2 protein chains.
Amino acid sequence: MKEIEQRLNENGVRPTAMRILIYKYLAEKEVAISLTDIETAFSNADRTTLFRTLKTFEKKGVVHQIDDGTGVQKYALCEPGCNCELEQDLHLHFHCNNCDETVCLTEHKIPHINLPEGFVAEDANLVLKGICDKCSGQ
Amino acid sequence: MKEIEQRLNENGVRPTAMRILIYKYLAEKEVAISLTDIETAFSNADRTTLFRTLKTFEKKGVVHQIDDGTGVQKYALCEPGCNCELEQDLHLHFHCNNCDETVCLTEHKIPHINLPEGFVAEDANLVLKGICDKCSGQ
DNA sequence: CTACCCGTGCAACGGAAGTGCATTTATTGT
DNA sequence: ACAATAAATGCACTTCCGTTGCACGGGTAG
């Protein structure tokens, strides 16, 4: 509990009750979370608050946004000390076509790509799709 | 003109006037095209027709869909003879943060990734973002 | 010639992201 | 402790985009 407050403070996010709850929720889930997910989990809170909380988290580097190709924006906590902006910290994501969940594979960095003359890469997004470990075990 | 008709026939798409025009439009542009782009280019035609044309093209393997992270679905012609389903034919895409255009880098295949135990990849999507050759030259 | 299928067009729906403004809650300075 | 200020929350509304249902019409096949 206290660790969460501290973590938020470190990132320049004021630790309100709502924000701590949302952080906790994200920490418990090991998968990427959409705004709608949070919305249903916190049906008492307002959508806008949840939306802006995620955006604040994102701006302050608490979470990173994930585009898994479903057309819905998802979010997951950043590793402590990670700098998502830096190319070396870009990990890949895996989207399961069976259970429809997306997970971070933080151990797997995106390999460096040699681009044609004139192209300058600043950011990268790699999503693999298939069957995840939980679903393939069945 | 005749080549387009033939190409569509080969892919099991009946070459109507509308479809030939859309194919031609896609062939002229060397960047990925959104439904809205086509909509503005063919303001006389109906949105639904254009939408369904793209979907038909996609299903029949005439075009492939691109998710470049902008939240808008884009499409580009498949290389003749390419099989987008197969992993070896998956190329990467580059999205320019300056001109906001997305291009296929068909020469650059997505490198193979070794996944953790239990994960089975069927598909992959790699998008690099930065400054494209046209914009970096300025 | 007729029946049918498929392409096209019109209208409407629904999900998700985002914004403007009012209100409440927290923080700072005196 | 209190006023002034800033930040967070809540409500209403908008916009954009993808998608679907239904009706019309022209071409194709029997």
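We name chains A, B, ... by the order of the sequence lines, and we start the count at 1 in each one. Just the heavy atoms: all of them, side chains too, but no hydrogens, waters or symmetry mates, feed the values below. Everything numeric in this text was worked out from a predicted model, so none of it was measured.
In this entry the distance linking CD1 of B:I20 with C1' of C:dT8 reads 15 Å, nearest Å. As rounded to whole Å, 8 Å separates atom P of D:dG10 from atom CG of A:N44. When the P atom of C:dG18 is taken as reference, atom CG of A:L50 falls 14 Å away, rounded to whole Å. The separation between A:L54 atom CG and D:dA8 atom P is 14 Å, rounded to whole Å. Summarising the geometry, the separation between CD1 on A:I22 and C1' on D:dA8 is reported as 12 Å, rounded to the nearest angstrom. C:dG7 atom C1' lies 13 Å from atom NZ of B:K59, rounded to whole Å. In this structure, B:D46 places its CG atom 15 Å from P of D:dG18, rounding to the nearest Å. Rounded to whole Å, the distance from CG on A:N9 to P on C:dA26 is 15 Å.
The base of C:dG18 sits with one of its N or O atoms less than 3.5 Å from a complementary donor or acceptor on the side chain of A:R47. The base of D:dC17 has none of its N or O atoms less than 3.5 Å from a complementary donor or acceptor on the side chain of B:S34.
Both A:R52 and B:K55 lie near DNA chain D, and the one whose nearest nucleotide falls closer to the 5' end is A:R52.
Of the candidates C:dT8, D:dG18, C:dA17, the closest approach to any side-chain atom of B:M18 belongs to C:dT8. Closest contact between the side chain of A:A45 and the listed nucleotides D:dG18, C:dA16, D:dG10 involves D:dG10.
Results of the side-chain hydrogen bond (donor to acceptor under 3.5 Å, both in side chains) test with B:T102 over B:T70, B:D68, B:D67 single out B:D68 as the only residue that passes.
Panel note: side chain B:K134, backbone B:I131; no donor-acceptor pair is recorded below 3.5 Å.
Note on A:T56: nothing from the nucleic acid sits closer than 4.0 angstrom, heavy atoms only. In this structure, B:T16 reaches the sugar-phosphate backbone alone: every heavy-atom distance under 4.0 Å involves primed, P, OP1 or OP2 atoms, never a base. Among the protein residues, B:R19 comes within range of the sugar-phosphate backbone only, with heavy atoms under 4.0 Å from sugar or phosphate atoms but none that close to a base. Within 4.0 Å of B:R14, counting heavy atoms only, lie sugar-phosphate atoms of the nucleic acid but no base atom.
The phosphate of C:dG7 has neither OP1 nor OP2 within less than 4.0 Å of any side-chain N or O from B:T53. Residue B:T49 places at least one side-chain N or O under 4.0 Å from the OP1 or OP2 atom of C:dG9.
B:L8 has its side chain within reach of B:R19: a pair of non-hydrogen atoms, C-beta onward, lies under 4.5 Å apart. Between A:L35 and A:R47, some side-chain heavy-atom pair lies under the 4.5 Å cut-off.
Applying the 6.0 Å contact sphere to CD of B:E10 captures more than 12 heavy atoms from other residues, nucleotides or ligands.
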